[in-house]
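The structure appears below as structure tokens.
All figures in this text were calculated on a predicted structure; none of them were measured in a lab.
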Amino acid sequence: MAANANAIRGAIVLVHGGFVDGSGWESVYRILKEDGYQVSIVQNPTISLADDVAITRRVIAERQGPVVLVGHSYGGVVITEAGNDPNVKALVYITAFAPDRGESVGTLIKDPPPGAPVPPILPPQDGFLTLDRTEFAASFAADVAPEKADFMANSQVPWGVDALNDVVSQPAWRSKPSWFLVATDDKMIPPPAQRQMAARAGSSVVEAKGSHAIYVSQPNTVAELIKKAVSGSAAK
């Protein structure tokens, strides 16, 4: 696809989740850029949902045209709210939360199914959460190169308890098309929960064997789904 054709179709905005920052999108970014897409990466502070939504909407506004909004993990909550922006044409959830009205990450994880893995979240410190560094790789990034997973564990961005508990007011997936990548080896968000949220949202679903950090370990798989969303939303 020619670069000018992609420019006409709009831009892609990538939103990271909790415990990490936007740098994890680097390989996905490069793949999409090499294919001629316009790509922006949001750097959310993950202190409150309202702030993260506001920052995401500023990035959407900078593009001044149609946007496909992509969220990983907690980033799915952000795009669910920010996706109500009129310039957003489609949503892409990468092993993410896709809450309904009045739901938050906190409400979605409060009753885990029997036998589901429990993320190694440490008790909050000054209103922020982190993952146990010694268990980070196994739970978050099991298929990421060990050196990179270690770096991710030791460069964590503390995740605000308020952001975890802030609720969605209007889920954009109710009015806009969505795509969902289920990572079948995810130890942070159980795959059955991902499938349930995707079905509720009416998302087009792709499944791939991978960890919660599949956007880092399998950037081509993630980029291909994003391209499908760009093409699919342009056809609507």
Exercise for review: Please list all pairs passing the salt bridge (Lys or Arg N to Asp or Glu O under 4.0 Å) test where one or both residues lie in residues 101-116, with sequence neighbours left out.
Suggested key: Glu103-Arg200
Exercise for review: Among residues two or more places apart or on two chains, list those pairs meeting salt bridge (Lys or Arg N to Asp or Glu O under 4.0 Å) that have a residue in residues 207-223.
Suggested key: Asp185-Lys209, Arg195-Glu207
Does [X] have any salt bridge (charged side-chain N to carboxylate O under 4.0 Å, His left out) partners at least two apart in sequence or in another chain, and if so, which?
X	value
Arg30	Glu26
Asp100	Arg174
Glu135	none

Quick one: list whatever passes side-chain contact (heavy atoms from CB on, under 4.5 Å) with [X], sequence neighbours left out.
X	result
Ala82	Val53, Thr56, Arg57, Leu69
Ala96	Tyr93
Ile47	Pro45, Phe128

Can you tell if the side chain of [X] reaches within under 4.5 Å of the side chain of [Y], non-hydrogen atoms only?
X	Y	answer
Leu225	Val92	yes
Ser40	Arg63	yes
His16	Val42	no
Ser233	Val68	yes
Phe180	Ile94	no

What donor-acceptor contacts under 3.5 angstrom involve side-chain atoms of residues 160-168, with partners at least two apart or in another chain?
unit_1	atom_1	unit_2	atom_2	d
Asn165	ND2	Val161	O	3.3
Asp166	OD2	Leu49	N	2.9

Side-chain donor-acceptor pair present, [X], [Y], cut-off under 3.5 Å:
X	Y	result
Thr46	Asn44	no
Asp21	Gln43	no
Gln194	Thr95	yes

Exercise for review: Go through the structure and list residues passing ring-ring contact (aromatic ring centres under 6.0 Å, His included) with Phe19, not counting sequence neighbours.
Suggested key: Trp159
Check [X] against [Y] and note the closest heavy-atom contact, atom names and distance.
X	Y	result
Thr80	Pro99	CG2-O, 3.5 Å
Ile79	Gly76	CG1-O, 3.4 Å
Pro191	Ala183	CG-O, 3.5 Å

Got more than 12 heavy atoms from elsewhere within 6.0 Å of [atom1], [X]?
X	atom1	result
Gln196	CD	no
Asp126	CG	no
Lys176	NZ	yes

Review point. side-chain hydrogen bond (donor to acceptor under 3.5 Å, both in side chains): which pairs involve residues 65-77, sequence neighbours left out?
Key: Asp52-Tyr74, Ser73-His212
Review point. How would you list, by chain and number, every residue that makes a side chain to side chain donor-acceptor pair (under 3.5 Å) with Asp51, sequence neighbours excluded?
Key: Ser48
